[in-house]
Amino acid sequence: MAKLSSIQKNSNRLKLIEKFSNRRKSLKDKVMNKDLSIEDRIKIQNKLNDLPRNSSSIRYRNRCKLTGRTRGVYRKFGLSRIKIRELSMSGDLPGVVKSSW
C-alpha cells in the first residue's frame, strides 16, 4: 500500500489538470502560432509558465486503484499486476481466465 499522502497528491494533480486544461491548451496553441512576433510569443509563454506546475498532464502518475502502487499498472483495469493476479485467481475479475495450451 502506497503512502496516503502520495495518493492524495496525485488526485489533487488530477483536479488541477482538469481545471487548467482549456487554458493551457489555448496558450500552447498561441505559442505555436508562427504568425505572431517573437515578443508576443514570449509573453504568452510567460503566461503559460505562470500556471501551476501540477496542472501539466505529464506530472500525473498512473496508480493502482486499490493499493496506489505506481509500477506495473495495467490501463485496461486500472490495477497493478499483483492485484490483477490476485483478483483473477479468486474469480473476481469478469472475463479473465488463466491461459492454458
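FYI, the numbering just counts along the sequence from 1.
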Nearest 0.5 Å please: distance from the [atom1] atom of [X] over to the [atom2] atom of [Y].
X	Y	atom1	atom2	result
S57	L14	OG	CG	10.5 Å
S5	N12	OG	CG	11.0 Å
S56	R53	OG	CZ	10.5 Å
K15	F20	NZ	CZ	14.0 Å

| request: Check salt bridge (charged side-chain N to carboxylate O under 4.0 Å, His left out) between E86 and all other residues, then give those that pass, not counting sequence neighbours. | output: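 K83.
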
Residue set satisfying salt bridge (charged side-chain N to carboxylate O under 4.0 Å, His left out) with D35, at least two apart, ordered chain then number -> none

Stepwise side-chain contact (heavy atoms from CB on, under 4.5 Å) test for R63 and S6: CA-CA 10 Å; R63 289 187 174 270; S6 59; 3.6 Å; yes

Salt bridge (Lys or Arg N to Asp or Glu O under 4.0 Å) pairs touching residues 24-33, sequence neighbours excluded, are K25-D29

Can you tell me if M32 has over 12 outside heavy atoms packed within less than 6.0 Å of its CE?
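Atom CE in M32 is not packed in, count stays at 12 or less.
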
Tightest non-hydrogen contact, residues L16 and N54, listed as CD1-CB, 3.8 Å

Looking only at heavy atoms, the pair that brings L27 and I44 closest together is O-CG2, 3.6 Å

Tabulate below the donor-acceptor pairs under 3.5 Å that side-chain atoms of residues 64-78 make, not counting sequence neighbours, or state none.
| unit_1 | atom_1 | unit_2 | atom_2 | d |
| --- | --- | --- | --- | --- |
| T67 | OG1 | R69 | N | 3.3 |
| R69 | NE | R71 | O | 3.0 |

Using a 3.5 Å cut-off and no angle test, enumerate the donor-acceptor pairs between side-chain atoms of residues 94-101 and protein atoms at least two apart in sequence or in another chain.
none

Checklist entry - Going through the distances and angles, do Q8 and L4 end up as a side-chain contact (heavy atoms from CB on, under 4.5 Å)? => result CA-CA 6 Å; Q8 185 63 38; L4 292 178; over 6 Å; no

Besides I58, the hydrophobic cluster formed by Ile, Leu, Val, Met, Phe, Trp and Tyr side chains linked at under 4.5 Å, directly or via other members, contains none

Inset, instruction - Could you verify whether a donor N or O on one side chain and an acceptor N or O on the other, from N10 and R61, lie under 3.5 Å apart? - result: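 No, because no side-chain N or O of N10 sits under 3.5 Å from a partner of the opposite role on R61.
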
**Message:** L87 vs I84, test: side-chain contact (heavy atoms from CB on, under 4.5 Å). Steps then yes/no.
**Reply:** CA-CA 5 Å; L87 293 174; I84 287 176; over 6 Å; no

